Amino acid sequence: MTPVWAITSSSSLAVVAQIFPRSSSRREILPRQPSDSPRYFVTMSKDSSLDPIFHQKRTLRSKVRKDLKGMNASQRSQEGQTLIRKKLYVPRVEDRNSHMRMLHISTIDDLIPNSMNILEPAPVDGDGIQREDVVQAGDPVDLFLLPGLAFDRSGRRLGRGGGYYDLLLKKYQELATEQKWKQPLLVGLSYSVQIMDEGVIPVTPNDVPVDALVSPDGVIPISLRAFERMTE
């Protein structure tokens, strides 16, 4: 059975730039060069006790954005390494209330720019058939490749404040539990400047940690599940 991967942002394709050659195969795509993830912002909690955490996150986002802008094209290209071909799902943002679907794509041509010029899967394919949604697929997802503004070595992920990915991940984890599937491995893709020391990133109850990081230095396993998967 072909392993199933879910790339939870069209811009995540950029982080693994140049990994898939263009092909007529129904299971290949060609990622593009780096671009920002969707910047949709919603209020995740009214609890004022979390305000210091949100302030810390905003400060950290500003720092990482500055570091990312400081990376030259050569460094980005050097750190974007090759991965293998998999069946892929990528997100389509439906609204500004953290609602995002994951739809199957076969080639880069299945992606179309949205109103913010960010590539997303078209809801139907060239034959007018609805694309397969990851939460309606008959097979489980093995791996989620996650974007993020920053990650730390304890698995904490700093997003862009919209809550889209955390909500989707929790929904899929609940589905996997109901279906008695093995939980997917959550892997963050990052440049070197995006990796923080352990415990640096503040978290709220809504935040979903990652199991491992893929960086220019290789794979950094974090959770016990990640260590176990690496030895299978």
Side-chain angles (χ1 to χ4, degrees), residues 1-40 42 73 76-77 80-148 159-160 162-176 178-179 181 184-189 214:
M1 180 182 297
T2 301
V4 181
W5 285 14
I7 293 186
T8 55
S9 172
S10 296
S11 64
S12 297
L13 303 177
V15 181
V16 289
Q18 302 174 352
I19 62 177
F20 298 104
R22 184 178 293 274
S23 170
S24 60
S25 168
R26 293 294 293 172
R27 295 189 183 275
E28 299 180 10
I29 64 169
L30 177 65
R32 296 195 175 187
Q33 294 301 315
S35 63
D36 285 340
S37 298
R39 295 185 181 179
Y40 299 97
V42 297
R76 286 180 182 269
S77 177
Q81 298 299 316
T82 300
L83 296 176
I84 56 179
R85 297 185 181 101
K86 301 292 180 182
K87 180 178 180 182
L88 298 178
Y89 295 84
V90 297
R92 177 181 175 84
V93 173
E94 299 293 340
D95 55 42
R96 293 178 178 268
N97 296 315
S98 301
H99 180 209
M100 181 167 67
R101 290 194 297 157
M102 297 281 296
L103 304 179
H104 175 245
I105 69 168
S106 301
T107 73
I108 190 66
D109 297 323
D110 293 337
L111 301 176
I112 58 176
N114 63 14
S115 61
M116 298 180 67
N117 204 33
I118 296 171
L119 293 178
E120 294 182 328
V124 297
D125 63 20
D127 297 322
I129 300 173
Q130 289 285 333
R131 295 192 184 281
E132 183 180 74
D133 192 310
V134 71
V135 298
Q136 298 173 341
D139 297 319
V141 169
D142 301 285
L143 176 70
F144 275 85
L145 298 179
L146 299 170
R160 295 181 181 271
Y164 287 84
Y165 307 126
D166 292 317
L167 186 63
L168 183 144
L169 290 173
K170 287 187 176 181
K171 181 178 181 180
Y172 189 84
Q173 288 173 334
E174 291 173 358
L175 173 65
E178 293 172 0
Q179 297 293 331
W181 291 338
L185 202 65
L186 308 182
V187 177
L189 300 175
V214 174

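The first residue of the sequence shown is numbered 1, and numbering continues consecutively from there. The shown structure was predicted, so the numbers you read here are calculated from the model rather than taken from an experiment.
Nearest heavy-atom pair across Y164 and V93 is CE2-CG1, 3.7 Å. In terms of heavy-atom proximity, P121 sits nearest to P91 at CD-O, 3.0 Å. Closest approach of L143 to L185, counting heavy atoms only: CD1-O, 3.3 Å.
How far CG of D139 is from CH2 of W181: 7.0 Å, rounded to the nearest 0.5 Å. If you take CG on L111 and CD on E120, they are separated by 9.0 Å, rounding to the nearest 0.5 Å. Distance check, rounded to the nearest 0.5 Å: CD of Q173 to CG of L168 gives 10.0 Å. Rounding to the nearest 0.5 Å gives a distance of 11.0 Å between CG of D125 and CG of L103. From M100, atom CE reaches atom CG of L169 across 7.5 Å, with rounding to the nearest 0.5 Å. One distance of note links CZ of R92 with CD1 of I112; it measures 5.5 Å at 0.5 Å rounding.
In the displayed structure, K171 atom NZ is contacted under 6.0 Å by at most 12 heavy atoms of other residues, nucleotides or ligands.
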Derivation and outcome, side-chain contact (heavy atoms from CB on, under 4.5 Å), residues K87 and E132: CA-CA 12 Å; K87 180 178 180 182; E132 183 180 74; 3.2 Å; yes

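Ring centroid separation for the pair Y165 and F144 does not come in under the 6.0 Å cut-off.
D110 has a carboxylate O that lies under 4.0 Å from a charged side-chain N of R131, or vice versa, which qualifies the two as a salt bridge.
Applying the side-chain hydrogen bond (donor to acceptor under 3.5 Å, both in side chains) criterion to E94, with sequence neighbours excluded, gives R101. Residues satisfying the salt bridge (Lys or Arg N to Asp or Glu O under 4.0 Å) criterion with E174, sequence neighbours excluded, are absent altogether.
Checked by atom type and distance alone, the side chain of Y172 pairs as donor or acceptor with a backbone atom of V141 at under 3.5 Å.
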